[in-house]
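All remarks here apply to the structure that follows.
In this chain, residues are counted from 1 in sequence order. Both backbone and side-chain heavy atoms feed into the values below; hydrogens, waters and symmetry mates do not. First listed ligand is number 1; within each ligand, the first listed atom is number 1.
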Amino acid sequence: MAESETDRRSSSRHARTRDPLSIDEKISRTLKDLEATTSEAVAELFAEVTAAMESERQALIEGGAADERERSQKAKELRDRWLARKGGLVSMIDENWLKPASKELKPGVGRAFNELRRRAAALETDRLIQDVPVRGGAAALPQQATLKFGAGVPSLKITEAATDLTLPGFRRPLGSIHPVTQVMREIEEIFLGLGFAIESGPEIESVYYNFDALNIPETHPARDDWDTLYVNSETVLRTHTSPVQIRAMEKHGAPLYIICPGKAYRHDNPDSTHATMFHQVEGLAVDTDISFADLKGTLDYFARKFFGDKIKTNFTPSFFPFTEPSGELSISCVFCGGEGCRVCKESGWVEVMGCGMVHPEVLRHGGIDPDRYSGWAFGLGVERFAMMKYDINDIQLFQQGDVRFLEQF
Ligand code: DAH
């Protein structure tokens with residue numbers, strides 16, 4: 001006889017209350033199958049998983065082991081159940097919950113997953129082993145050993161835990177590479193591939209290299225105390241990486257293809273887009289017959305390599321004292337694809353770097369004959385690139401050293 005709709009619904013509800021899914025069963029289903037469509041439901045699921053993991057760990061610790069062999073075996077079993085690369089519960093959560101999660105839920109699921117992974121590190125075999133007591137084995141060790149170092153030297157009391165030298169050592173959690181460093185390396189890779197070399201210069205720089213040699217006149221507002229951190233009247237914390245252009249020209253002459261990744265400092269009030277210390281990558285190409293077309297071609301190639309082939313580039317005129325003509329490179333907004341959004345201020349474009357043909361006066365200051373050689377240069381902000389690449393909206397996060405932020409990269 002056909003079941004009525006009411007019967008079916010009430011029986012399935014009944015089935016659910018009578019026989020709730022085990023944690024393993026939940027993990028083997030997707031969030032959609034589990035009808036977890038809100039962030040609250042997701043949070044609840046992760047709380048359940050975390051509680052299950054913790055109680056299994058506690059049970060192992062409380063149960064202890066008869067001997068070392070059993071302890072290793074039990075610890076390994078629990079570790080593999082949760083952390084095995086293939087079929088471990090954590091990687092199943094990755095496969096079944098995180099990867100197929102809807103666009104709306106994904107950031108929250110990602111965060112919860114990272115937190116779970118962090119906690120799951122307590123299940124690594126060598127950490128577990130330290131927590132699980134061995135019955136009999138441990139009792140065989142003296143409760144407290146006293147070492148005597150002869151007359152006059154105070155005796156040293158070592159507790160049982162410290163004397164068992166057979167225990168594995170503490171494993172320090174592995175860190176990750178800072179997102180600014182990652183982005184800087186990515187930029188370096190692209191330019192190294194184009195035949196550029198990496199140069200560096202001092203962060204405590206002379207006024208001459210930071211300003212004069214770059215054709216920044218005494219009256220330029222950037223020389224004002226407000227923007228520049230002066231060490232003394234002739235020395236500053238470099239306000240940009242551009243002084244390395246002069247140093248590299250002096251050192252190597254032409255032809256020259258270099259980039260300089262490094263720190264720069266400004267007397268700015270910190271906010272979500274300004275920091276007193278930030279990173280730049282400077283670029284400089286000097287050779288015979290270098291034209292604006294070389295600049296455009298290279299920077300267009302670079303921008304596509306970094307942000308992806310879909311983006312478009314746009315050059316607009318600008319002004320920098322060390323380039324003539326000067327330009328700004330904008331890319332079509334990576335967030336809205338050029339449609340217009342909050343990030344690009346509805347314009348569809350985001351300005352990403354300054355550039356231009358090296359001013360003849362600057363070449364001269366670098367000891368290069370502007371009648372024989374020409375060049376192009378650019379300068380970009382690394383934090384800005386990282387913020388666009390990873391959708392980060394506050395530059396301060398890069399310097400706060402918050403592990404919860406950093407471990408996402
Ligand atoms: N130094 C400039 C700044 O910090 C950036 C810059 C613009 C560097 C144009 C260049 C360039 O080499 O050609 O704002």
Show me, pair by pair, the donor-acceptor contacts under 3.5 angstrom made by side chains of residues 179-195, not counting sequence neighbours?
| residue | atom | partner | partner atom | Å |
| --- | --- | --- | --- | --- |
| Gln182 | NE2 | Ile177 | O | 2.9 |
| Glu186 | OE2 | Lys389 | NZ | 2.6 |

For the backbone of Lys312 and the side chain of Ser332, can you confirm whether one donor and one acceptor N or O come within less than 3.5 Å of each other?
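Confirmed, Ser332 side chain pairs with Lys312 backbone.
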Just to be sure I understand the cut-off, which residues have at least one non-hydrogen atom under 4.0 angstrom from an atom of ligand 1?
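Contacts of ligand 1 under 4.0 Å: His240, Ser242, Gln245, Arg266, Gln280, Glu282, Phe320, Phe322, Thr323, Gly354, Cys355, Gly356, Ala377, Phe378, Gly379.
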I want to know whether Tyr265 and Phe278 have ring centres closer than 6.0 Å.
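That pair fails the under 6.0 Å test.
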Taking atom types as modelled and ignoring hydrogens, do the side chains of Thr316 and Glu328 form a donor-acceptor contact shorter than 3.5 angstrom?
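No, Glu328 and Thr316 have no side-chain donor paired with an acceptor closer than 3.5 Å.
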Residue pair Glu199 / His252, side-chain donor-acceptor N/O under 3.5 Å
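Note: Glu199 and His252 side chains meet the donor-acceptor criterion.
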Indicate the ring-plane relationship of His240 and Phe211, choosing parallel, tilted or perpendicular according to the 30° and 60° boundaries.
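The arrangement is tilted - the two ring planes meet at 30° to 60°.
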